[in-house]
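The chains referred to below are lettered A, B, ... by the order of the sequence lines, with proteins before strands, and numbering in each begins at 1.
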Amino acid sequence: MNNQQIAKIFNEIADLLELKGENMFRIRAYRRAAQSIDGMPNDIATLTPEELTALPGIGNDLAGKIREYLNTGTIKKYLELKKEVPGGVLELLKVRGLGPKKAKQFYDTLNIKNVDDLATAVQSGKLKGLPGIQKKTEENIMQSISWMKKGAERRPLGRLLPLAENIILQIKEAAPVGRIEVAGSIRRRKETVGDIDILATSKKPETVMNIFINLPHVTKIVNHGETKSSVITDDGVQVDLRVVDENSFGAALQYFTGSKQHNIRLREIAVHMGLKLNEYGVFQEPGNKRTGGKTEEGIYKALKLPYIPPELREDAGEIEAARENKLPELVTIEDIKGDLHVHTKWSDGSYEIHEMVAAARTRGYQYVAITDHTKGLGVAHGLDESRLAREIKLIDEINKTLKGFKILKGIEVDIKSDGKLDLPDETLAELDIVVASIHSGFKQSREQLTDRLLSAIRNPLVNVIAHPTGRLIGERDAYAVDMEAVFKESAKYDVAMEINAYPLRLDLNDFYIKMAKRFGVSFVICTDAHIASQYDYMSYGVAMARRGWLEKKNVLNTLPLEQLIKKLKSCRAGKIKMKQQLIS
DNA sequence: GCCGTTTTCGGCCCGACTGTTTTCAGTCG
């Protein structure tokens with residue numbers, strides 16, 4: 001898709017313009033356009049010229065540059081800028097504490113072209129004597145370079161959310177705080193997180209700050225002010241704590257949750273209404289009379305907007321939707337009636353069926369689908385026809401003993417490298433639900449991988465495609481697949497796409513969820529649990545669904561048992577009918 | 001470079017903290 005490439009170029013143009021010291025509003029225009037394009041669920045190449053300039057932040061000039069890219073594969077202005085500034089200089093902007101002004105200064109006066117040059121320059125004392133540079137700045141630069149080399153990359157939400165909750169607990173126990181909550185991208189439930197933002201109320205902010213910077217596991221204090229401090233933990237995660245007055249908590253939570261772009265839009269709206277919005281509240285100009293700030297809802301109300309849930313706050317159309325009262329009613333964890341992708345000891349899970357069932361019942365579920373692997377996955381001790389028959393028999397027996405709960409007989413059938421399924425249709429027909437997925441041949445061509453998924457989707461017995469893109473956050477990229485083709489076919493054949501809630505997968509992610517939703521695809525949210533406690537990953541899957549603007553009606557496992565079974569059956573019947581029509 | 005229920009020109013979000021400065025620029029979120 002072209003969107004990401006164009007967004008990347010626009011962001012780089014913005015960086016280059018910053019280094020040149022150009023007008024900051026022009027720079028912001030490029031960044032805003034980049035974000036607008038990056039968040040779009042459909043290919044920008046499909047838009048008409050009118051639709052293009054209707055996008056927020058895209059005017060005639062940038063629309064022209066987009067068309068130029070689509071026609072020629074590049075943008076002349078971008079190439080010219082790149083000629084003026086060596087590539088490594090952009091890298092300097094990634095050093096924390098180093099912005100465009102200093103980077104430009106170093107390049108202009110010392111010909112520093114990359115991070116290695118910079119380190120050498122500091123070590124050989126070349127920075128001394130430059131205006132505004134003293135010992136402390138040199139130390140900070142060296143420190144930042146070493147953090148950078150260690151790789152302070154974004155980490156999975158599933159790692160940092162528990163860490164954030166733990167830190168909050170520690171602060172609560174030791175410091176005089178009232179309310180305390182996680183904010184930032186964790187509260188927006190982004191799939192990866194850069195740092196941890198925490199907001200608290202207190203009458204003694206200095207005391208709270210002192211306790212915070214002295215918590216165990218703090219290895220470096222980045223900032224230490226009266227109401228705001230930042231530290232780095234021993235595993236390299238930055239944690240920011242901000243303390244505000246009780247009356248400003250809502251405004252501060254809104255501000256601190258972001259996204260930055262969402263907040264900028266809100267402040268623009270405020271300005272147009274003759275108001276001022278900051279982290280302390282909404283103020284009426286002139287006179288600076290406070291008209292809100294205690295609650296987040298109050299902030300949005302003051303701007304004449306309905307409350308916008310944190311997961312939507314990306315300036316990706318939510319503000320426009322809010323103004324037209326068209327915000328989706330997002331699916332919640334309480335809507336989930338069961339898990340449809342669960343493993344047991346019969347393949348690579350660690351628990352017996354009855355144990356997984358008991359754990360599902362404590363979560364208030366009405367059903368769970370046992371979906372062990374098939375024989376193709378030798379490492380997972382996958383099931384062949386005879387072992388599957390025995391598992392089915394056992395499930396039937398257990399089901400007879402259950403009241404108000406049902407185990408669905410399922411399978412996670414392997415889509416083999418030639419696109420065939422790992423078990424014959426007559427075996428799959430014995431099951432209530434068939435989940436199909438790819439576990440091998442990731443390096444095949446885009447055409448081959450796409451064809452494999454398409455042929456699985458067309459199989460009359462397949463209900464769900466699990467972890468459709470195969471990505472593992474920080475470990476493995478999504479495999480090369482034409483996802484548009486996959487979604488179109490899924491919508492046509494009524495096959496659900498899984499939102500796999502396993503923290504390293506979160507696959508589909510929010511971007512693909514929005515795209516699939518546009519094609520009319522239905523979804524299931526499943527944990528892929530291999531042990532009972534992993535049922536709790538469901539909240540991450542629901543978070544992705546919410547970020548993808550999904551409502552209850554888009555998600556099949558929000559249906560009560562009877563309706564779900566009916567739906568699974570009608571999906572198969574529909575496909576069989578389609579196949580017969582094709583033959584005749 | 002974008003944009004308009006004040007505007008087709010003249011605006012464009014707001015504040016904390018740091019390091020260098022005697023009052024502020026740079027950076028960050």
Side-chain angles (χ1 to χ4, degrees), chain A residues 10 13-14 17-18 21-36 52-66 77 92-106 127 130-141 143-144 183-185 187-188 193-199 205 209 213 221-231 238-244 248 251-252 254-283 285 288 299 303-304 315 323:
Chain A
F10 279 4
I13 290 177
L17 292 174
E18 268 199 302
E22 289 240 15
N23 180 306
M24 59 176 282
F25 297 109
R26 208 170 142 223
I27 293 162
R28 188 185 294 165
Y30 275 98
R31 293 208 194 283
R32 176 145 190 250
Q35 215 214 325
S36 193
L52 204 51
T53 46
L55 289 174
I58 311 277
N60 281 327
D61 184 276
L62 291 183
K65 291 197 169 65
I66 292 167
K77 164 134 187 161
L92 292 178
L93 298 176
K94 295 198 182 106
V95 179
R96 170 170 286 275
L98 211 61
K101 296 283 161 52
K102 287 207 191 90
K104 181 171 173 14
Q105 183 190 19
F106 295 158
L127 258 50
L130 290 182
I133 307 287
Q134 296 285 336
K135 192 155 179 280
K136 189 74 189 167
T137 307
E138 287 185 327
E139 282 173 20
N140 285 345
I141 288 174
Q143 175 77 263
S144 296
S185 53
R187 184 155 179 260
R188 301 202 311 280
V193 176
D195 60 5
I196 295 176
D197 298 307
I198 299 171
L199 178 71
M209 285 298 137
I213 61 168
I221 299 161
V222 183
N223 290 323
H224 178 202
E226 286 173 27
T227 63
K228 182 180 162 181
S229 296
S230 302
V231 301
Q238 176 162 335
V239 186
D240 299 338
L241 175 67
R242 182 91 182 243
V243 175
V244 297
S248 295
Q254 197 291 313
Y255 157 78
F256 220 20
T257 297
S259 65
K260 189 181 159 84
Q261 214 54 44
H262 176 88
N263 287 355
I264 288 175
R265 291 289 309 281
L266 289 194
R267 286 173 195 181
E268 283 170 0
I269 291 171
V271 169
H272 280 293
M273 294 171 72
L275 303 168
K276 186 175 75 173
L277 172 62
N278 60 27
E279 58 261 56
Y280 301 107
V282 186
F283 300 89
E285 315 242 46
N288 236 10
I299 301 290
L303 302 179
K304 301 216 183 319
D315 190 21
R323 282 179 148 167

Q. Taking the nucleotide of DNA chain B with the closest heavy atom to each, which residue, A:E268 or A:A63, is nearer the 5' end?
A.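 The answer here is A:A63.
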
Q: With DNA chain B as reference, determine whether A:H224 or A:L62 sits nearer its 5' end, using the nearest nucleotide of each.
A: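 Its nucleotide being nearer the 5' end, the pick is A:L62.
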
Regarding [X], tell me which of base, sugar-phosphate or nothing describes its non-hydrogen contacts under 4.0 Å with the strands shown.
X: A:S230; answer: nothing
X: A:I264; answer: base
X: A:L277; answer: sugar-phosphate
X: A:R32; answer: nothing
X: A:N263; answer: nothing
X: A:K104; answer: nothing

(Q) Counting only side-chain heavy atoms from C-beta out, which of B:dG1, B:dA16, B:dC12 sits nearest to A:R26? (A)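 Of the candidates, B:dG1 comes closest.
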
Q: Report the nucleotide, chosen from B:dA16, B:dC13, B:dT18, that has the shortest atom-to-atom distance to any side-chain atom of A:N223.
A: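 Selected nucleotide: B:dT18.
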
Minimal non-hydrogen separation, [X] against [Y], with atom names:
X: A:Y280; Y: A:A251; answer: C-CB, 3.6 Å
X: A:M209; Y: A:S229; answer: SD-OG, 2.9 Å
X: A:S185; Y: A:G194; answer: OG-N, 4.4 Å
X: A:D197; Y: A:G184; answer: OD2-CA, 3.4 Å

Quote, to the nearest angstrom, the [atom1] distance that separates [N] from [M].
N: B:dC14; M: B:dT8; atom1: P; answer: 22 Å
N: B:dC2; M: B:dT6; atom1: P; answer: 23 Å
N: B:dA25; M: B:dT20; atom1: C1'; answer: 9 Å
N: B:dC17; M: B:dC13; atom1: P; answer: 23 Å
N: B:dT21; M: B:dG26; atom1: C1'; answer: 12 Å
N: B:dT18; M: B:dT22; atom1: C1'; answer: 16 Å
N: B:dG15; M: B:dG1; atom1: P; answer: 29 Å

Does any part of the side chain of [Y], heavy atoms only, come nearer than 4.5 Å to the side chain of [X], both counted from C-beta?
X: A:R32; Y: A:P56; result: yes
X: A:L127; Y: A:I141; result: yes
X: A:T227; Y: A:V244; result: no
X: A:F256; Y: A:R187; result: no
X: A:N263; Y: A:Q254; result: yes
X: A:E18; Y: A:R31; result: yes

Calculate the interatomic distance between [X] atom [atom1] and [N] atom [atom2]; express it in whole Å.
X: A:L17; N: B:dG1; atom1: CG; atom2: C1'; value: 10 Å
X: A:H272; N: B:dT6; atom1: NE2; atom2: C1'; value: 10 Å
X: A:L266; N: B:dC12; atom1: CG; atom2: P; value: 17 Å
X: A:K65; N: B:dC2; atom1: NZ; atom2: P; value: 8 Å
X: A:Y280; N: B:dA16; atom1: OH; atom2: C1'; value: 7 Å
X: A:R242; N: B:dG15; atom1: CZ; atom2: P; value: 10 Å
X: A:R28; N: B:dG11; atom1: CZ; atom2: C1'; value: 11 Å
X: A:L52; N: B:dC2; atom1: CG; atom2: P; value: 11 Å

Pairs under 3.5 Å (N/O, protein and nucleotides 25-29 of chain B):
unit_1, atom_1, unit_2, atom_2, d
B:dT27, OP1, A:G99, N, 2.7
B:dT27, OP1, A:G99, O, 3.2
B:dT27, OP1, A:K102, N, 3.1
B:dT27, OP2, A:K101, N, 3.2
B:dT27, O5', A:G99, N, 3.4
B:dC28, OP1, A:G97, N, 2.7
B:dG29, OP1, A:R96, NH1, 3.4
B:dG29, OP1, A:R96, NH2, 2.8
B:dG29, N7, A:K260, NZ, 3.0
B:dG29, O6, A:K260, NZ, 3.4
B:dG29, N2, A:Y255, OH, 3.0

Q.
Partner lookup for B:dT8, please. Criteria are Watson-Crick or G-U wobble with both distances under 3.5 angstrom; report none if nothing qualifies.
A.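 Checking every strand shown, B:dT8 finds no partner, since no pair has both distances under 3.5 Å.
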
**Q.** Presence of A:N60 side-chain N/O under 4.0 Å of B:dG1 phosphate oxygens OP1/OP2
**A.**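 Looking at the OP1 and OP2 atoms of B:dG1, neither is under 4.0 Å from any side-chain N or O of A:N60.
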
Please write out the pairs of protein N or O atoms and N or O atoms of nucleotides 20-22 of chain B separated by less than 3.5 Å, giving the distance to one decimal.
unit_1, atom_1, unit_2, atom_2, d
B:dT20, OP1, A:Q134, N, 2.7
B:dT20, OP1, A:Q134, O, 3.3
B:dT20, OP1, A:T137, N, 3.3
B:dT20, OP1, A:T137, OG1, 2.6

**Q.** Pair A:E279 + A:K228: basic N to acidic O under 4.0 Å
**A.**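 Salt bridge flag = no for A:K228 with A:E279.
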
